[in-house]
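In what follows, every chain begins at residue 1, and chains take the letters A, B, ... in the order their sequences are listed.
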Number of protein chains: 2
Amino acid sequence: MNGKQANIDSVFHALGDSTRRAMMERLSEGPMTVSRLAEPLSITLAAVVQHLQVLEECGLVKTEKHGRVRTCRIEPGGLAVAREWIDKRRTSWEERLDRLDVLLAEPE
Amino acid sequence: MNGKQANIDSVFHALGDSTRRAMMERLSEGPMTVSRLAEPLSITLAAVVQHLQVLEECGLVKTEKHGRVRTCRIEPGGLAVAREWIDKRRTSWEERLDRLDVLLAEPE
DNA sequence: ATAATAGTTAAGTATGTACTTGAGTATTAT
DNA sequence: ATAATACTCAAGTACATACTTAACTATTAT
(Lines give C-alpha, C1' and ligand atoms only; values in the text may rest on other atoms or scores of the structure.)
Protein backbone atom coordinates (compact mmCIF):
# COMPACT_ATOMS: atom_id res chain seq x y z
CA MET A 1 0.00 0.00 0.00
CA ASN A 2 1.44 3.35 -0.99
CA GLY A 3 -1.54 4.99 0.63
CA LYS A 4 0.35 7.02 3.17
CA GLN A 5 3.21 8.22 0.96
CA ALA A 6 0.96 9.03 -1.96
CA ASN A 7 -1.33 10.76 0.48
CA ILE A 8 1.11 13.35 1.73
CA ASP A 9 0.93 15.04 -1.65
CA SER A 10 -2.86 15.12 -1.75
CA VAL A 11 -3.12 16.15 1.90
CA PHE A 12 -0.94 19.22 1.43
CA HIS A 13 -2.64 20.00 -1.83
CA ALA A 14 -6.01 19.85 -0.09
CA LEU A 15 -4.83 22.11 2.73
CA GLY A 16 -3.45 24.57 0.19
CA ASP A 17 -6.95 25.89 -0.46
CA SER A 18 -8.33 28.38 2.04
CA THR A 19 -11.94 27.30 1.59
CA ARG A 20 -11.04 23.72 2.40
CA ARG A 21 -9.07 24.85 5.44
CA ALA A 22 -12.11 26.85 6.54
CA MET A 23 -14.14 23.66 6.21
CA MET A 24 -11.59 21.80 8.32
CA GLU A 25 -11.71 24.54 10.94
CA ARG A 26 -15.46 24.29 11.04
CA LEU A 27 -15.42 20.52 11.26
CA SER A 28 -12.84 20.62 14.01
CA GLU A 29 -15.61 22.01 16.20
CA GLY A 30 -17.67 18.93 15.53
CA PRO A 31 -19.36 16.85 12.82
CA MET A 32 -22.07 18.44 10.72
CA THR A 33 -24.13 18.00 7.59
CA VAL A 34 -23.05 19.22 4.16
CA SER A 35 -25.55 22.07 4.03
CA ARG A 36 -24.69 23.23 7.51
CA LEU A 37 -21.03 23.14 6.60
CA ALA A 38 -21.84 25.22 3.53
CA GLU A 39 -23.79 27.90 5.41
CA PRO A 40 -20.99 30.35 6.26
CA LEU A 41 -19.26 29.83 2.92
CA SER A 42 -20.28 32.18 0.14
CA ILE A 43 -20.18 29.52 -2.54
CA THR A 44 -22.78 27.12 -3.88
CA LEU A 45 -23.54 23.79 -2.27
CA ALA A 46 -22.19 22.06 -5.37
CA ALA A 47 -18.81 23.72 -4.85
CA VAL A 48 -18.78 22.63 -1.21
CA VAL A 49 -19.46 19.04 -2.24
CA GLN A 50 -16.53 19.21 -4.63
CA HIS A 51 -14.22 20.45 -1.89
CA LEU A 52 -15.58 17.74 0.36
CA GLN A 53 -14.61 15.11 -2.17
CA VAL A 54 -11.05 16.42 -2.18
CA LEU A 55 -10.90 16.35 1.62
CA GLU A 56 -12.35 12.87 1.74
CA GLU A 57 -10.13 11.39 -0.97
CA CYS A 58 -6.97 12.44 0.85
CA GLY A 59 -8.23 11.10 4.16
CA LEU A 60 -8.74 14.37 6.02
CA VAL A 61 -12.48 13.96 6.31
CA LYS A 62 -14.86 11.04 6.54
CA THR A 63 -18.52 11.21 5.60
CA GLU A 64 -21.49 8.94 5.86
CA LYS A 65 -24.95 9.26 4.49
CA HIS A 66 -28.06 8.42 6.44
CA GLY A 67 -31.24 8.97 4.53
CA ARG A 68 -30.78 12.10 2.45
CA VAL A 69 -28.36 13.65 4.93
CA ARG A 70 -24.60 13.32 4.70
CA THR A 71 -22.69 13.88 7.90
CA CYS A 72 -19.06 15.01 7.74
CA ARG A 73 -16.43 14.68 10.38
CA ILE A 74 -12.66 15.08 10.59
CA GLU A 75 -10.79 11.85 10.11
CA PRO A 76 -8.40 11.49 13.03
CA GLY A 77 -4.86 10.89 11.79
CA GLY A 78 -5.38 12.63 8.49
CA LEU A 79 -3.75 15.82 9.69
CA ALA A 80 -1.04 13.78 11.37
CA VAL A 81 0.46 13.03 7.95
CA ALA A 82 1.02 16.75 7.39
CA ARG A 83 2.25 17.31 10.91
CA GLU A 84 4.81 14.53 10.63
CA TRP A 85 6.18 15.97 7.41
CA ILE A 86 6.59 19.40 9.01
CA ASP A 87 8.26 17.97 12.09
CA LYS A 88 10.79 16.11 9.96
CA ARG A 89 11.84 19.36 8.28
CA ARG A 90 12.53 21.07 11.55
CA THR A 91 16.18 20.77 12.42
CA SER A 92 17.33 21.09 15.99
CA TRP A 93 18.28 24.68 15.41
CA GLU A 94 14.87 25.46 14.00
CA GLU A 95 13.17 23.87 16.96
CA ARG A 96 14.82 26.39 19.24
CA LEU A 97 13.75 29.25 17.03
CA ASP A 98 10.23 27.96 17.08
CA ARG A 99 9.78 29.75 20.38
CA LEU A 100 8.53 33.29 20.38
CA ASP A 101 11.33 34.79 22.45
CA VAL A 102 13.94 33.62 19.99
CA LEU A 103 11.93 35.03 17.10
CA LEU A 104 11.88 38.40 18.80
CA ALA A 105 15.64 38.36 19.16
CA GLU A 106 16.07 37.94 15.43
CA PRO A 107 16.93 41.18 13.61
CA GLU A 108 15.21 42.24 10.43
CA MET B 1 -2.84 42.12 12.87
CA ASN B 2 -3.86 39.92 10.01
CA GLY B 3 -0.27 39.69 8.85
CA LYS B 4 0.05 36.27 10.32
CA GLN B 5 -3.40 35.28 9.17
CA ALA B 6 -2.62 36.35 5.62
CA ASN B 7 0.57 34.34 5.83
CA ILE B 8 -1.05 31.10 6.82
CA ASP B 9 -2.78 31.12 3.47
CA SER B 10 0.38 31.62 1.46
CA VAL B 11 2.33 29.14 3.57
CA PHE B 12 -0.15 26.33 2.97
CA HIS B 13 -0.44 27.29 -0.66
CA ALA B 14 3.34 27.08 -1.00
CA LEU B 15 3.46 23.69 0.69
CA GLY B 16 0.69 22.44 -1.57
CA ASP B 17 3.16 22.01 -4.40
CA SER B 18 5.30 18.87 -4.37
CA THR B 19 8.28 20.50 -6.05
CA ARG B 20 8.36 23.20 -3.42
CA ARG B 21 8.09 20.62 -0.68
CA ALA B 22 10.99 18.76 -2.29
CA MET B 23 12.97 21.99 -2.14
CA MET B 24 12.09 22.39 1.54
CA GLU B 25 13.17 18.82 2.19
CA ARG B 26 16.48 19.50 0.49
CA LEU B 27 17.03 22.75 2.36
CA SER B 28 16.19 21.13 5.66
CA GLU B 29 19.51 19.29 5.27
CA GLY B 30 21.31 22.61 5.09
CA PRO B 31 21.65 25.86 3.13
CA MET B 32 22.68 25.71 -0.50
CA THR B 33 22.89 27.74 -3.69
CA VAL B 34 20.08 28.01 -6.22
CA SER B 35 21.79 25.88 -8.84
CA ARG B 36 22.66 23.19 -6.34
CA LEU B 37 19.10 23.20 -5.13
CA ALA B 38 17.97 22.82 -8.74
CA GLU B 39 20.27 19.86 -9.52
CA PRO B 40 18.00 16.94 -8.57
CA LEU B 41 14.89 18.63 -9.94
CA SER B 42 14.04 17.92 -13.56
CA ILE B 43 12.93 21.45 -14.30
CA THR B 44 14.74 24.53 -15.55
CA LEU B 45 16.63 26.85 -13.25
CA ALA B 46 14.15 29.60 -14.08
CA ALA B 47 11.32 27.45 -12.72
CA VAL B 48 13.27 26.77 -9.55
CA VAL B 49 13.78 30.49 -9.04
CA GLN B 50 10.04 31.04 -9.41
CA HIS B 51 9.31 28.42 -6.76
CA LEU B 52 11.96 30.01 -4.59
CA GLN B 53 10.17 33.34 -4.81
CA VAL B 54 6.97 31.72 -3.59
CA LEU B 55 8.79 30.09 -0.68
CA GLU B 56 10.52 33.33 0.20
CA GLU B 57 7.44 35.53 0.00
CA CYS B 58 5.54 33.40 2.48
CA GLY B 59 8.47 33.28 4.87
CA LEU B 60 9.43 29.64 4.55
CA VAL B 61 12.83 30.37 3.03
CA LYS B 62 15.31 33.18 3.28
CA THR B 63 17.94 33.91 0.65
CA GLU B 64 20.89 36.22 0.35
CA LYS B 65 23.12 36.97 -2.57
CA HIS B 66 26.87 37.23 -2.34
CA GLY B 67 28.52 38.03 -5.61
CA ARG B 68 26.70 36.07 -8.27
CA VAL B 69 25.69 33.29 -5.90
CA ARG B 70 22.39 33.21 -4.04
CA THR B 71 22.33 31.07 -0.94
CA CYS B 72 19.02 29.65 0.29
CA ARG B 73 18.16 28.48 3.74
CA ILE B 74 15.02 27.53 5.61
CA GLU B 75 13.58 30.40 7.57
CA PRO B 76 13.12 29.22 11.13
CA GLY B 77 9.58 29.71 12.30
CA GLY B 78 8.07 29.65 8.83
CA LEU B 79 6.90 26.09 9.15
CA ALA B 80 5.70 26.80 12.67
CA VAL B 81 2.77 28.76 11.23
CA ALA B 82 1.54 25.63 9.48
CA ARG B 83 2.27 23.43 12.44
CA GLU B 84 0.31 25.67 14.78
CA TRP B 85 -2.71 25.61 12.49
CA ILE B 86 -2.62 21.83 12.36
CA ASP B 87 -2.19 21.54 16.11
CA LYS B 88 -5.21 23.74 16.70
CA ARG B 89 -7.40 21.45 14.60
CA ARG B 90 -5.94 18.37 16.16
CA THR B 91 -6.64 19.58 19.65
CA SER B 92 -10.21 20.31 18.71
CA TRP B 93 -11.00 16.89 17.33
CA GLU B 94 -9.19 15.17 20.12
CA GLU B 95 -11.42 16.99 22.56
CA ARG B 96 -14.46 15.98 20.60
CA LEU B 97 -13.34 12.35 20.39
CA ASP B 98 -13.27 12.24 24.15
CA ARG B 99 -17.03 12.66 23.96
CA LEU B 100 -17.75 10.56 20.91
CA ASP B 101 -20.88 9.13 22.42
CA VAL B 102 -22.25 12.64 22.78
CA LEU B 103 -21.52 13.38 19.14
CA LEU B 104 -23.43 10.37 17.96
CA ALA B 105 -26.42 11.55 19.91
CA GLU B 106 -26.16 15.10 18.58
CA PRO B 107 -29.41 16.33 17.05
CA GLU B 108 -29.84 18.79 14.21
C1' DA C 1 -49.73 11.96 -4.32
C1' DT C 2 -47.32 16.30 -4.13
C1' DA C 3 -44.02 19.17 -2.54
C1' DA C 4 -40.01 20.31 -0.14
C1' DT C 5 -35.46 19.01 1.35
C1' DA C 6 -30.61 17.38 0.88
C1' DG C 7 -27.47 16.27 -1.83
C1' DT C 8 -25.49 14.70 -6.56
C1' DT C 9 -23.65 15.08 -11.15
C1' DA C 10 -22.27 16.99 -15.61
C1' DA C 11 -20.75 20.58 -18.34
C1' DG C 12 -18.84 24.86 -19.11
C1' DT C 13 -16.04 29.00 -17.91
C1' DA C 14 -12.62 31.76 -16.15
C1' DT C 15 -8.75 32.32 -13.76
C1' DG C 16 -4.35 30.50 -11.73
C1' DT C 17 -0.27 27.95 -11.85
C1' DA C 18 3.84 25.52 -13.35
C1' DC C 19 6.47 25.38 -16.77
C1' DT C 20 9.28 26.67 -20.93
C1' DT C 21 12.16 29.53 -23.99
C1' DG C 22 15.07 33.14 -24.89
C1' DA C 23 17.41 37.09 -23.89
C1' DG C 24 19.54 39.82 -20.36
C1' DT C 25 22.76 41.28 -16.17
C1' DA C 26 26.30 40.90 -12.95
C1' DT C 27 30.20 38.46 -11.23
C1' DT C 28 34.23 35.51 -11.40
C1' DA C 29 37.82 32.96 -13.97
C1' DT C 30 41.45 32.78 -17.65
C1' DA D 1 39.58 41.54 -22.60
C1' DT D 2 37.02 37.35 -23.26
C1' DA D 3 34.58 33.66 -21.66
C1' DA D 4 32.17 31.11 -18.45
C1' DT D 5 29.18 31.07 -14.47
C1' DA D 6 25.08 32.03 -11.73
C1' DC D 7 21.39 33.68 -11.83
C1' DT D 8 17.30 37.08 -13.46
C1' DC D 9 13.39 38.60 -16.07
C1' DA D 10 9.59 38.74 -19.56
C1' DA D 11 6.49 36.52 -22.28
C1' DG D 12 3.96 32.80 -23.73
C1' DT D 13 1.69 28.15 -23.31
C1' DA D 14 -0.63 24.23 -21.56
C1' DC D 15 -2.99 22.40 -18.05
C1' DA D 16 -5.23 22.48 -13.37
C1' DT D 17 -8.62 24.38 -10.32
C1' DA D 18 -12.44 26.67 -8.29
C1' DC D 19 -16.44 27.98 -9.42
C1' DT D 20 -21.10 28.38 -11.61
C1' DT D 21 -25.59 26.78 -13.56
C1' DA D 22 -28.92 23.52 -14.41
C1' DA D 23 -30.91 19.26 -14.43
C1' DC D 24 -31.22 15.10 -11.65
C1' DT D 25 -31.99 11.44 -7.72
C1' DA D 26 -33.37 10.04 -3.34
C1' DT D 27 -35.52 10.86 0.96
C1' DT D 28 -38.78 13.05 4.13
C1' DA D 29 -42.87 15.96 5.10
C1' DT D 30 -47.78 17.33 4.22
Colleague: Are any of the side-chain heavy atoms of A:Glu75 and A:Val61 separated by less than 4.5 Å?
Modeller: no
Colleague: To the nearest 0.5 Å, how far apart are CG in A:Asp17 and CZ in A:Arg21?
Modeller: 7.5 Å
Colleague: Which residues within residues 48-59 of chain B lie with some heavy atom under 4.0 Å of an atom in DNA chain D?
Modeller: B:Gln50
Colleague: Rounded to whole angstrom units, what separation is found between the NZ atom of A:Lys65 and the P atom of C:dA6?
Modeller: 12 Å
Colleague: Run the numbers on A:Glu56 and A:Thr63 for side-chain hydrogen bond (donor to acceptor under 3.5 Å, both in side chains), then give the verdict.
Modeller: CA-CA 7 Å; A:Glu56 197 166 10; A:Thr63 75; 2.9 Å; yes
Colleague: Give a yes or no on whether B:Leu60 and B:Val49 share a hydrophobic cluster (residues Ile, Leu, Val, Met, Phe, Trp, Tyr; joining criterion: side-chain heavy atoms under 4.5 Å apart).
Modeller: yes
Colleague: Taking the basic N atoms (NZ, or NE/NH1/NH2) and the acidic carboxylate oxygens, is any pair closer than 4.0 Å for B:Glu64 and B:Arg73?
Modeller: yes
Colleague: Do the numbers put A:Arg83 on top of the ring of A:Trp85, so that NZ or CZ is under 6.0 Å from the six-membered ring centre and no more than 45° off the axis?
Modeller: no
Colleague: Is the shortest side-chain N/O distance from B:Thr19 to OP1 or OP2 of C:dA18 below 4.0 Å?
Modeller: no
Colleague: What's the CG-P distance between B:Leu45 and C:dG24, to the nearest Å?
Modeller: 18 Å
Colleague: Closest nucleotide of DNA chain D for A:Gly67 versus for A:Ala46: which of these residues is on the 5' side?
Modeller: A:Ala46
Colleague: Just checking A:Arg20: base, sugar-phosphate only, or nothing, at a heavy-atom cut-off of under 4.0 Å?
Modeller: sugar-phosphate
Colleague: Roughly, in whole Å, what's the span from CD in B:Glu64 to P in C:dT27?
Modeller: 16 Å
Colleague: Tell me, with the steps shown, if A:Met32 and A:Thr71 meet side chain to side chain contact (heavy atoms under 4.5 Å, CB included).
Modeller: CA-CA 5 Å; A:Met32 63 187 70; A:Thr71 303; over 6 Å; no
Colleague: Can you check the B:His13 NE2 to C:dT17 C1' distance for me, whole Å?
Modeller: 7 Å
Colleague: Group every Ile, Leu, Val, Met, Phe, Trp and Tyr by side-chain heavy-atom contacts under 4.5 Å, then state whether A:Val11 and A:Val54 land in the same group.
Modeller: no
Colleague: In terms of the nearest nucleotide of DNA chain D, which residue is placed more toward the 5' end: A:His66 or A:Thr44?
Modeller: A:Thr44
Colleague: Atom CZ in A:Arg89, atom CG in B:Leu15: separation rounded to 0.5 Å?
Modeller: 10.5 Å
Colleague: Please state how far atom CG in B:Leu41 lies from atom C1' in C:dA18, giving the value in whole angstrom units.
Modeller: 13 Å
Colleague: Earliest and latest nucleotide of DNA chain D, 5' to 3', sitting under 4.0 Å from a non-hydrogen atom of chain B?
Modeller: D:dA4 to D:dA11
